[in-house]
There are 2 protein chains.
Amino acid sequence: MEQDTEPKRRVRADALRNEDAVLEAAKAVFAEMGVDAPAREIALKAGVGVGTLYRRFPNRADLVASVFRREVDACAAEAAKLLDAYKPADALERWLHRYAAFLATKKGLAAALHSGDSAFETLPAYFRANFEPALASLLERAAQAGEIRDDLQAYDLLRAIGNLSTAGGDDGAAHARRMLDLLIDGMRRGAKASGSQDAD
Amino acid sequence: MEQDTEPKRRVRADALRNEDAVLEAAKAVFAEMGVDAPAREIALKAGVGVGTLYRRFPNRADLVASVFRREVDACAAEAAKLLDAYKPADALERWLHRYAAFLATKKGLAAALHSGDSAFETLPAYFRANFEPALASLLERAAQAGEIRDDLQAYDLLRAIGNLSTAGGDDGAAHARRMLDLLIDGMRRGAKASGSQDAD
DNA sequence: TGATAAGCGGAACATGGTTCCGTATATCGC
DNA sequence: GCGATATACGGAACCATGTTCCGCTTATCA
């Protein structure tokens, strides 16, 4: 029904460049300082003025949500690429680490999600809608190849890794990585190909 | 083991008065504007300077936690008073409304709890440690008197009312009150004294 | 290649947390 | 009661950060 009012001029090239630069900078800054990072910091890193930032993202929540969606897209898209480049179980392992890395950059987002800001409401659904099929395809291929057990649910795994990643502590990152490796080993041990040796 | 270093002078009377005034003002302002209310607002309402506020509560979280504990104490303490003044089921009903009123003043606190600030970590335990025994005593007395059913768990009720109270919407307060009344009626209908008529 | 709309940068403003310090006063020994 | 003095007070000032505004710059188009 709706028709774009045909614009006389196309969007300026620098505007496009800047939008991208802002998103990239925001991604980096959020990862480093959490989603409460100051807007000036992001503008500085992006090499633009704060005015430019605010013109495109009228408030913080818009920016946060955009960055989040962009990262979800990138991470989910990688599943297909990995499947092309590696044997299924290796692709799966690499992707899970990639996913864990994604989660590691989400400092403070969990709290923001509960802030009630309407810009965040659709994010959990977006998260699941993208990651669940991505992981499911990896699991399916690896299970078909007999490289991992075949009774794993994508959503369960996504949640489990999310939980592992939130366990803070001194060296949370290293801890989470060890636990993830354990999980992956467990997936492989249960594979049909390697028999049913499930002692200890 | 530790011994207070015996102070030469006692705490000044005005300091005591001001601490109380700040807590009272903070309670009112938090209820009205949420826990993110500006410190100046609180100082103004308390009739003190911000300096006074900050001397006693070095940061916001300290103040929020103190107000919260004070309100929990007051609400929990009321259970005993109500039991003295009313017949058990009425005391219970009044207290549940009192508890709902307490919850209604907690705008934004839920989010703050998840903020990771260490000053908040002990609050949930404090909440439960005070409210569960208070409500349990009310339930027990009313059940003994045969005025309500006897299969109610204090913690379940606390949670249920908490959930009812969070349901937002246009007139969240009125809605929550209606639901609470329904709940209370349900408790009474199940009483031994009134038979076992659990139709519709 | 000039006209012009689109876009830009960053100063300026608004808000709110926190600190600092000169002033006021409650307490205590006399 | 009466100073002396530690204690506490008030609020201006400072800093960080979100947000707006507008004069200047520049990509686009004819």
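So that the names make sense, note that chain A is the first sequence line, chain B the second, and so on, each numbered from 1.
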Could you give the [atom1]-to-[atom2] distance, from [X] to [N], as a whole number of Å?
X: A:D20; N: C:dG7; atom1: CG; atom2: P; answer: 16 Å
X: A:I42; N: D:dT17; atom1: CD1; atom2: C1'; answer: 12 Å
X: B:L63; N: C:dT18; atom1: CG; atom2: P; answer: 11 Å
X: A:N18; N: C:dG10; atom1: CG; atom2: P; answer: 12 Å
X: B:D62; N: C:dG17; atom1: CG; atom2: P; answer: 14 Å
X: A:L16; N: D:dT26; atom1: CG; atom2: P; answer: 18 Å
X: A:R56; N: D:dG18; atom1: CZ; atom2: P; answer: 19 Å
X: B:L53; N: C:dG17; atom1: CG; atom2: P; answer: 10 Å

Check this for me: does any side-chain nitrogen of one of [X] and [Y] sit under 4.0 Å from a carboxylate oxygen of the other?
X: B:R159; Y: B:E132; value: no
X: B:E71; Y: B:K106; value: yes
X: B:E93; Y: B:R188; value: yes

Which residue lies more 5' along DNA chain C, comparing A:V48 with B:A37 via nearest heavy atoms: A:V48

When you measure from the side-chain N and O atoms of [X] to the phosphate of [N], is any distance below 4.0 Å, counting only OP1 and OP2?
X: B:N59; N: C:dG17; value: no
X: A:R10; N: D:dC29; value: yes
X: A:R55; N: C:dC8; value: yes
X: A:R17; N: C:dG7; value: no
X: B:T52; N: D:dA8; value: no

Geometric class of the B:F131/B:F127 ring pair [parallel <30°, tilted 30-60°, perpendicular >60°]: perpendicular

A:R70 and A:E24: CA distance, side-chain angles, deciding distance, salt bridge (Lys or Arg N to Asp or Glu O under 4.0 Å) verdict: CA-CA 10 Å; A:R70 176 181 245 235; A:E24 277 303 306; 2.8 Å; yes

Nearest to side-chain heavy atoms of A:Y54, which nucleotide of D:dG11, D:dT20, D:dC9: D:dT20

Proximal nucleotide (of D:dG18, C:dA11, C:dT27) relative to the A:V50 side chain: C:dA11

5'-most by nearest nucleotide on DNA chain D - B:G51 or B:V11: B:V11

Base of [N], side chain of [X] - is there a donor-acceptor contact under 3.5 Å?
X: A:R12; N: C:dA6; answer: yes
X: B:R40; N: C:dT18; answer: yes
X: B:R60; N: C:dG17; answer: no

